[in-house]
Number of protein chains: 2
Amino acid sequence: MAAPKTRDRVLESSLELFNVRGVSSVTTAEIARTVGINEGNLYYYFQKKEQLVTALFDAFEAEIRVTAAGDLADPTNPAEYIGYLRGWFATAWRYRFVQRDSAALFEMAPALRERAAAMIADAEAASRRVLGQVIEAGLLTVEPDMLEPLLANVWIVSSHWIDHLALRRHGRELGPADLDWGFRQVLALFLPYLSEELRGWMSSPAAPFASISEARV
Amino acid sequence: MAAPKTRDRVLESSLELFNVRGVSSVTTAEIARTVGINEGNLYYYFQKKEQLVTALFDAFEAEIRVTAAGDLADPTNPAEYIGYLRGWFATAWRYRFVQRDSAALFEMAPALRERAAAMIADAEAASRRVLGQVIEAGLLTVEPDMLEPLLANVWIVSSHWIDHLALRRHGRELGPADLDWGFRQVLALFLPYLSEELRGWMSSPAAPFASISEARV
DNA sequence: GTCTATATATAGATAGAC
DNA sequence: GTCTATCTATATATAGAC
């Protein structure tokens with residue numbers, strides 16, 4: 001296969017740097033150095049740092065919208081809903097720079113504010129719909145009053161478990177095992193609402209608890 | 001009473017600015033302008049921006065440790081535990097700049113990383129102890145396996161509901177009514193574990209759901 | 001304790017040769 | 001498409017008068 005184009009390597013390196021150290025702490029000089037190109041060359045592809053950030057947001061949004069559009073072929077199969085959740089979770093991880101320090105992000109690229117708000121509204125609608133299917137299928141028992149708070153907490157924990165764990169880890173880099181921790185935190189939000197049947201399944205070897213670290217993250 | 005000293009006004013204004021726009025986006029020039037003093041004067045009190053940030057962290061840590069040291073006089077009284085939770089919640093709100101963008105914070109003041117890790121460890125131990133009292137008293141029924149995930153999610157939601165809501169609000173400033181929303185999100189984490197007795201009490205007029213906005217925040 | 005004026009460093013961005 | 005050299009703006013920080 002062809003060697004990755006410079007533009008793509010810039011995006012890849014920037015994503016990693018932004019995720020780890022935050023959008024505002026990473027300089028264009030550092031990005032160029034990491035990619036192994038000159039700073040002038042970087043500006044050939046992205047005339048403003050804002051454009052770089054926006055291009056990464058584009059990718060994030062596209063991935064979120066694919067996930068949102070997804071549907072459960074068989075809502076009675078718990079593995080499918082867990083897979084669906086894992087999709088959200090993996091995307092939130094891959095583009096965690098968006099959530100972390102969103103204030104600085106929007107200050108750098110103000111146009112993203114509206115786009116992010118629209119995106120999250122659509123994403124919430126999608127997850128509301130899918131959760132509805134799962135409840136309909138009898139896997140979960142959630143009183144109507146609890147639906148919205150539950151959805152919001154799922155989003156919050158999926159997006160922000162990283163900061164919490166990084167703090168406890170004294171800033172050590174997070175690895176695959178930590179991803180498992182995060183995903184379990186999300187699943188923990190659902191545990192009290194499991195039907196009896198599902199409760200048994202969750203503790204069976206078939207439950208794909210630990211396999212998040214094997215997914216593309 | 002005496003007019004507030006300049007140093008205190010600097011701290012107050014900085015806290016507000018950092019909370020709203022993030023540590024790395026706020027400049028010393030902007031702080032001085034907000035306080036109504038000259039930039040040179042600002043540097044008379046804090047020779048480095050890092051010292052300013054550290055002083056605010058000191059206040060945060062002190063407040064957290066006071067809250068952590070607190071105990072429930074009567075663990076069978078649900079209002080007391082809710083008050084305890086509200087204490088955590090209010091502090092997390094007042095110093096939300098610490099959680100939001102913690103990467104940039106630690107890059108600016110590396111010494112805070114270790115302190116924050118130690119502080120959160122103590123805080124977790126404290127909330128673990130108090131939650132234990134409440135469970136002992138029969139107000140909540142939490143399986144031992146769920147205790148740690150629950151505590152972690154309480155911390156995550158308490159610290160990060162703001163970013164989530166700000167996104168949905170299209171960046172509008174958050175107000176007291178939004179604080180209620182956040183606190184309800186935290187309480188929602190506990191709702192599935194309520195004893196029957198407590199469940200009734202929660203829906204009674206005595207339940208101090210809405211009064212978080214009257215607290216000092 | 002507060003101000004004015006100045007210094008230093010560096011991040012973001014451009015021009016033009018190759 | 002990539003590099004070298006350079007420019008501009010500005011954030012942090014200091015010196016010294018008042």
Side-chain angles (χ1 to χ4, degrees), chain A residues 1-57 97 100-101 103-112, chain B residues 1-57 97 100-101 103-112:
Chain A
M1 82 181 90
K5 299 262 188 270
T6 300
R7 198 190 126 98
D8 289 331
R9 289 197 299 132
V10 169
L11 287 171
E12 201 180 328
S13 291
S14 303
L15 178 57
E16 182 63 17
L17 287 168
F18 289 161
N19 277 340
V20 172
R21 309 232 328 282
V23 177
S24 48
S25 302
V26 176
T27 67
T28 50
E30 190 177 3
I31 293 169
R33 198 175 344 114
T34 305
V35 179
I37 61 172
N38 188 279
E39 219 177 328
N41 194 5
L42 176 65
Y43 277 88
Y44 170 76
Y45 292 102
F46 302 96
Q47 288 80 356
K48 305 191 138 265
K49 197 179 173 189
E50 176 180 353
Q51 290 174 20
L52 180 50
V53 167
T54 301
L56 287 172
F57 185 90
F97 83 94
R100 151 179 241 164
D101 197 5
L105 180 77
F106 294 144
E107 208 138 319
M108 172 170 299
L112 294 187
Chain B
M1 84 180 85
K5 299 261 187 271
T6 300
R7 196 190 128 98
D8 289 331
R9 290 196 298 132
V10 168
L11 287 171
E12 201 180 329
S13 290
S14 303
L15 178 57
E16 182 62 17
L17 286 169
F18 289 160
N19 277 340
V20 172
R21 310 232 327 283
V23 177
S24 48
S25 303
V26 177
T27 66
T28 50
E30 189 176 5
I31 293 169
R33 198 176 343 115
T34 305
V35 179
I37 61 172
N38 188 279
E39 220 177 326
N41 193 5
L42 176 66
Y43 277 89
Y44 171 77
Y45 292 103
F46 302 97
Q47 289 80 356
K48 304 192 138 266
K49 198 179 172 187
E50 177 180 353
Q51 291 173 19
L52 179 50
V53 167
T54 301
L56 287 172
F57 185 89
F97 84 95
R100 149 179 243 162
D101 198 6
L105 181 76
F106 294 143
E107 206 137 321
M108 172 169 300
L112 293 187

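Within every chain, numbering begins at 1; the chains are lettered A, B, ... in the order of the sequence lines, protein sequences first and strands thereafter.
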Write down the distance between [atom1] ([X]) and [atom2] ([N]), rounded to a whole number of angstrom.
| X | N | atom1 | atom2 | answer |
| --- | --- | --- | --- | --- |
| A:Lys48 | C:dT14 | NZ | P | 6 Å |
| A:Glu107 | C:dG12 | CD | P | 14 Å |
| B:Gln51 | D:dT14 | CD | C1' | 14 Å |
| B:Asn38 | D:dA13 | CG | P | 16 Å |
| A:Ile31 | C:dT10 | CD1 | P | 18 Å |
| B:Arg9 | C:dG1 | CZ | P | 13 Å |

*Picking from B:Glu39, B:Arg33, B:Lys49, what satisfies side chain to side chain donor-acceptor pair (under 3.5 Å) with B:Thr28?*
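Filter result, single survivor: B:Glu39.
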
Phosphate OP1/OP2 of [N]: any [X] side-chain N/O under 4.0 Å:
| X | N | answer |
| --- | --- | --- |
| A:Thr6 | D:dG1 | no |
| B:Asn41 | C:dC3 | yes |
| A:Tyr43 | C:dA13 | yes |
| A:Tyr44 | C:dT14 | no |

*Classify the nucleic acid contact of B:Glu39 as base, sugar-phosphate or nothing, counting any heavy atom under 4.0 Å across all strands shown.*
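If one applies the 4.0 Å heavy-atom cut-off, B:Glu39 turns out to touch a base.
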
Starting the side chain at C-beta, find the nucleotide from [options] nearest to [X].
| X | options | result |
| --- | --- | --- |
| A:Lys49 | D:dC3, C:dG12, D:dT12 | C:dG12 |
| B:Thr28 | D:dC3, D:dT12, C:dT2 | D:dT12 |
| B:Tyr45 | D:dT12, C:dC3, C:dT2 | C:dT2 |

*Going by heavy atoms in the side chains, are A:Val53 and A:Phe18 under 4.5 Å from each other?*
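Counting from C-beta outward, A:Val53 and A:Phe18 do come under 4.5 Å.
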
*Hey, are the side chains of B:Met108 and A:Ser25 touching, using non-hydrogen atoms and a 4.5 Å cut-off?*
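Side chain of B:Met108 against side chain of A:Ser25, heavy atoms only: no contact under 4.5 Å found.
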
*Go through the steps to decide whether A:Asn41 and A:Val10 satisfy the test side-chain contact (heavy atoms from CB on, under 4.5 Å), and finish with yes or no.*
CA-CA 10 Å; A:Asn41 194 5; A:Val10 169; over 6 Å; no

*Is the number of heavy atoms from other residues, nucleotides or ligands within 6.0 Å of CD (A:Glu12) greater than 12?*
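Counting other residues, nucleotides and ligands, CD of A:Glu12 stays at 12 neighbours or fewer.
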
